[in-house]
Amino acid sequence: MLQINYIKQNVSAVKEGLALKNFINFSLVDELIALDEEIRKLKSNTENLQASINITSKEIGALMAKGNAEEATAKRNDVATLKEDLGIKKNALQKIEEDFTNKILLLPNLPHSSVLPGKTPEENVTVLSGGTIPELPENAKPHWDLIKEYDLVNFEVGAKLTGSGFPVYKGRGAKLQRALIQYFLDYNTAAGYTEYMPPLMVNEQTAYGTGQLPDKEGQMYHVTEDKLYLIPTAEVPVTNIYSNEIVKENDMPIKMTAYTPCFRREAGSFGSDVRGLNRVHQFDKVEIIQLVHPDKSYEVLEEMANHIERLLQFLELPYRLLKLCGGDMSFASALTYDFEVFSAAQKKWLEVSSVSNFETFQTNRMKIRYKDEDGKTQLLHSLNGSSLALPRIVAALLENNQQEDGIHLPKTLHQYFGAAKIEKV
RNA sequence: AGAGAGGUGUCCGAGUGGUUGAAGGAGCACGCCUGGAAAGUGUGUAUGCGGGAAACUGCAUCGAGGGUUCGAAUCCCUUCCUCUCUGCCA
């Protein structure tokens, strides 16, 4: 959520930023400023009324104590008049405030000054790349064939149990999941991230904190009976661990990692994007999250990107890093990098990690703050990134490493998987 | 799931309608005392929003939301959470 004081002081910069994010309803900005003025006026109005009521009430108390009932009654009547007036004004204030809140929630975060314009994924910029794309023979198979051939993942059974997009991992397929999760967590904790295991369902307040609500309501599974949402990413519960906290300056940066399944309705997806493991409703992901001093957040963003890049190097996958253009960034993000790996048989770049700096957009909603040297309360910056999302990593690992005698796993996984390759059955 | 008890500041803890934003204690910060430390001692020590150059000041907040009242931490309703017992259960 943007801060109204900032908006008021930087109207044109705000509008430019919104334009970069393809948000062109500028009149909303002007409307918000006008509403804020109105709220201020009404507020001081009601507060003054309340102040005189408070004073008179104390006077009544004093008069009662003295036994001066007559004067007390007179004062009571005064208060009654004031209260009537106050009631009307308070109602008006409440309505305007609601209106204001609903409207300011519609504003996306402003992009960082380095974000380039653009409306579609095609306009993202490749910042760097690494690894080598393997030369596969003509008959190389896409992962959806390999998982059948090696009996690793069964979509049909998943569809029977739940529905499409809920894979059942089996045997070595299941073990590969477990190995990857274990490896990713070890890699993250070695870098100073504290491991968490959060709940997989969150309440409304928590979903609102990281920006899933009200923006992405339809993308989450909703347990209506208990008013809970299945988490679309560990970011939601884990970032909220510090909601409504004032953290000590020495405790920054806060570095957290968590493995969770992620649940996404993916309404509106179709075509080859959803083939095999490319897009599913339930998948495993290890996430890294940092809460940092605002001066450090962009430094930390680079650090997190480096951290993820090294992980992809250990996995020996060909990768590239994209800097997202304004129009392709998420609602809450100020700057986002996407890591993609090349899945050599389907000849496709697949997004496996998204690293973002949200600046104060989330922390403002969650009220995650610290005290600066002057004793003033300031918002932290929040960042997160996947390290990593499993299904597409698995897709690329299977496709890129397929050989005559089986799928050769990268060295770093041998110990975790308990074997150097997945043999043919 | 049923019955009961309870949720107060960083922590413990008092407070059942009227200078209570909240006693007392601990902790913490600064000062005094000390060769240094401990002990002792003095002062200070919540958050949000608004006004003010500042001193300071207004409003709100005693789990959350609503209500009664001139006035609520205190009374009523709703809701969440914690604990104890019973039930159920991995």
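Letters A, B, ... are given to chains in the order of the sequence lines, protein chains preceding strands, and every chain is numbered from 1.
Not counting sequence neighbours, Tyr337(A) has no partner by the ring pair (Phe, Tyr, Trp, His ring centres under 6.0 Å) test. In this structure, the side-chain contact (heavy atoms from CB on, under 4.5 Å) partners of Pro121(A), at least two apart in sequence or on a different chain, are Asn124(A), Asp328(A). Residues passing the side-chain contact (heavy atoms from CB on, under 4.5 Å) test with Ala234(A), sequence neighbours excluded: Val238(A), Ala258(A), Thr260(A), Glu287(A).
Salt bridge status for Lys103(A) with Glu98(A): absent, with no side-chain N to carboxylate O gap under 4.0 Å.
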Legend entry - Bracket string, RNA chain B, 5' to 3' - pairs by Watson-Crick or G-U geometry under 3.5 Å, | interstrand: ((((((((.[[[..)..(.....]]]((((((.......))))))((((((....)))))).[[[[[..)....]]]]])))))))....

Side-chain donor-acceptor pairs under 3.5 Å in residues 82-90 of chain A, sequence neighbours left out?
none

Side-chain atoms of residues 204-211 of chain A: list all donor-acceptor pairs with protein atoms under 3.5 Å, sequence neighbours left out, distances to 0.1 Å.
residue: Thr206(A); atom: OG1; partner: Asn203(A); partner atom: OD1; Å: 2.9
residue: Thr210(A); atom: OG1; partner: Gln212(A); partner atom: OE1; Å: 2.7

Which pairs of donor and acceptor atoms, one on a side chain in residues 181-189 of chain A, lie under 3.5 Å apart (sequence neighbours left out)?
residue: Tyr183(A); atom: OH; partner: Thr412(A); partner atom: OG1; Å: 3.1
residue: Asp186(A); atom: OD2; partner: Tyr416(A); partner atom: OH; Å: 2.6
residue: Tyr187(A); atom: OH; partner: His307(A); partner atom: O; Å: 2.6
residue: Asn188(A); atom: OD1; partner: His307(A); partner atom: NE2; Å: 2.7
residue: Asn188(A); atom: OD1; partner: Ser387(A); partner atom: OG; Å: 3.0
residue: Asn188(A); atom: ND2; partner: Phe184(A); partner atom: O; Å: 3.3
residue: Asn188(A); atom: ND2; partner: Thr257(A); partner atom: OG1; Å: 3.1
residue: Asn188(A); atom: ND2; partner: Ser387(A); partner atom: OG; Å: 2.8
residue: Thr189(A); atom: OG1; partner: Leu185(A); partner atom: O; Å: 2.9
residue: Thr189(A); atom: OG1; partner: Asp186(A); partner atom: O; Å: 3.2

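Nearest to the side-chain atoms of Lys83(A) among the listed nucleotides C49(B), G50(B), C70(B) stands C70(B). Of all nucleotides listed (C70(B), U47(B), C49(B)), C49(B) comes nearest to the side chain of Lys43(A). When distances are taken from the side chain of Arg40(A) to each of U47(B), G18(B), G51(B), the shortest belongs to G51(B).
Taking both residues in full, the closest heavy atoms of Asn357(A) and Leu301(A) are given as N-CD1, 3.8 Å, listed atom of the first, atom of the second, then distance.
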Between N or O atoms, less than 3.5 Å apart, protein on one side and nucleotides 7-11 of chain B on the other: list the pairs.
none

Distances under 3.5 Å between protein N/O atoms and the N/O atoms of nucleotides 73-83 of chain B, please, pair by pair.
none

Give each protein N/O atom lying under 3.5 Å from an N/O atom of nucleotides 58-65 of chain B, with the pair distance.
residue: G58(B); atom: N2; partner: Glu47(A); partner atom: OE1; Å: 3.2
residue: C59(B); atom: OP1; partner: Asn54(A); partner atom: ND2; Å: 3.2

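In the displayed structure, Lys421(A) atom NZ is contacted under 6.0 Å by more than 12 heavy atoms of other residues, nucleotides or ligands.
Residues in residues 145-160 of chain A take part in these salt bridge (charged side-chain N to carboxylate O under 4.0 Å, His left out) pairs, two or more places apart or across chains: Lys141(A)-Glu149(A), Glu149(A)-Lys424(A), Asp151(A)-Lys170(A). Sorted by first and then second residue, the side chain to side chain donor-acceptor pair (under 3.5 Å) pairs with a member in residues 54-64 of chain A read Gln50(A)-Asn54(A), Glu59(A)-Lys75(A); sequence neighbours excluded.
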